[in-house]
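A quick write-up on the structure given underneath.
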Protein chains: 2
Amino acid sequence: MPTNRSYRDSCGIARALDVVGERWALLVVRELLLAPQRFSELRHALPHVSSNLLADRLRELEHRGVVHRGEAYELTDWGRKLEPIVRALGDWGIDAPQPPEPTALSATSVLIFLEGAARPDPAAPPTTYRLELDGRVWTVHLASGRAEVRPGEPPTADVSLRTDPKTLSALLSDPATLDTARTDGSVAVVGDVSAISHLLHAVTDPWPAGDQLNMSQ
Amino acid sequence: MPTNRSYRDSCGIARALDVVGERWALLVVRELLLAPQRFSELRHALPHVSSNLLADRLRELEHRGVVHRGEAYELTDWGRKLEPIVRALGDWGIDAPQPPEPTALSATSVLIFLEGAARPDPAAPPTTYRLELDGRVWTVHLASGRAEVRPGEPPTADVSLRTDPKTLSALLSDPATLDTARTDGSVAVVGDVSAISHLLHAVTDPWPAGDQLNMSQ
DNA sequence: CAGGATCCTTAGCGATACTG
DNA sequence: CAGTATCGCTAAGGATCCTG
């Protein structure tokens, strides 16, 4: 049974929270930022939400015009406008304490982090990665000083790698672990390995001074 | 008894929501964006939150480093970084349906809206307003194409007005009601009345094309 | 097996009354 | 003024069961 409480406050902030302020709602939006997802994919991405509650939230978000339900769940145009806000909230949350274990980490989370944190050399030639996480394929494209993540197979790729979100996250915070991750099988690489190092260091290495991506689209 | 649940998700977005995602938390932050507030002021601004819950939220926000508690409650430096996010959320929420009556509207809400929506003529001379809402005094300054709201008495003002948030909100959506509001006593004006019309129309009148304020500070 | 629905328990919420 | 205390209610959390 979907919830229907309201802050009963005319302010835009309160009205926004009437729509996406219920528990788990913004995490559902997060999961849909990069690609539509099916119910079971959302369940896998958010393992700590119970199935009935997830179903309730999706119904609410659909009813309120944030999410559209077709074959999979996807953001409406209005829902998509939450993207810069949710990303900014994520940047802010980086400084929050780590949550208690056991901890979840979805593919979308890591990829959003990657997009926001990567600062590839603008002078370097564009590079395309095929990235398989939890069985789903993504295309990562490095070009003109930014990283772009899209769902699905790339037309062509410099290198392909298969891993899981936690391992990828660990690599993004310490590229030096790539070798051991490859030998223990948690990362499988096909193609130009040096390109991966390039990607990881685009996230790790300190940014040039004054290079702050702002929140405006 | 403050709540302590967590999404148990390493993603920055989830960790942000662990801090400010509980019910009422972001509305407390909203109330502190323009000025520190005392407990009773917060209660007046958020009439639909119960006192025990407000006390719980304030304790949590203090414990998590968002709010500092002195004579009044105020945002920490980290908490203040939520400002562009909360404002952007408010812009997004403008398109959400109106909540069911009866509806609250705090002074801070209206003033934040005013700051975000006002586009005074950049060529016009700077104007200062003394604004008294719910017994608290604010300074509104129009200059260089922007409106700025600050707590407290202005050193000098072109005009002073006393009213309540709902009346001010009504004026901001329809400046033509100023005359009737003055005669029925819901607005009291001292000084240059035409300056008020100037302020109201800075909000109402259509913006010049391409004049979008973005979210970056 | 995906995509939920149902049931039950717990904890956060909401309202009112009360206190230092 | 600035919160506590109490209590009924409702949403959240967890497990299990159903249906195409």
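Not measured: the values here are computed from a predicted model.
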Ser109(B) side-chain N/O to Leu105(B) backbone N/O, donor-acceptor pair under 3.5 Å: no
Could you grab the distance from atom CZ of Arg15(A) to atom CG of Asp95(B), nearest 0.5 Å is fine? 8.5 Å
Between the side chains of Glu22(A) and Arg5(A), is the shortest nitrogen-to-carboxylate-oxygen separation below 4.0 Å, so that they form an ion pair? yes
How many whole angstroms separate atom NE2 of His44(A) from atom P of dG3(C)? 14 Å
So, Arg182(B) and Asp179(B), do they make that salt bridge, N to O below 4.0 Å? no
Could you encode protein contacts along nucleotides 11-20 of chain D as a string, one character per nucleotide from 5' to 3', using B for base contact, S for sugar-phosphate-only contact and - for no contact, with a heavy-atom cut-off of under 4.0 Å? SSBB------
side-chain hydrogen bond (donor to acceptor under 3.5 Å, both in side chains) partner of Gln37(B), the single match among Arg136(B), Glu74(B), His44(B): Arg136(B)
Take atom CG of Leu27(B) and atom P of dC13(C), then tell me their distance rounded to the nearest Å. 13 Å
Parallel, tilted or perpendicular: which one describes the rings of Tyr7(B) and Trp24(A), with boundaries at 30° and 60°? perpendicular
Could you state the CZ-P distance from Arg59(B) to dG3(D), rounded to the nearest angstrom? 8 Å
To the nearest Å, give me how far apart CG (Leu46(B)) and P (dG3(D)) are. 15 Å
Determine yes or no for a side-chain-to-main-chain donor-acceptor pair under 3.5 angstrom, with Tyr129(B) supplying the side chain and Pro154(B) the backbone. no
In whole angstrom, give the distance that lies between atom CD of Gln37(B) and atom C1' of dA2(D). 15 Å
Within the side chain of Ser10(A), is there an N or O that forms a donor-acceptor pair under 3.5 Å with the backbone of Gln98(B)? no
Using whole Å, report how far CZ of Phe39(A) lies from P of dA2(C). 11 Å
Output yes when a side-chain donor or acceptor of Glu115(A) lies under 3.5 Å from a complementary backbone atom of Ile112(A), and no otherwise. no
For dA2(C), does OP1 or OP2 lie under 4.0 Å from any side-chain N or O of Tyr73(A)? no
In whole angstrom, what separates Glu71(A)'s CD from dA2(C)'s C1'? 11 Å
Give the angle between the helix axes at the two ends of the helix from dC1(C)-dG20(D) to dG20(C)-dC1(D), taking five base pairs at each end and rounding to 10°. 30°
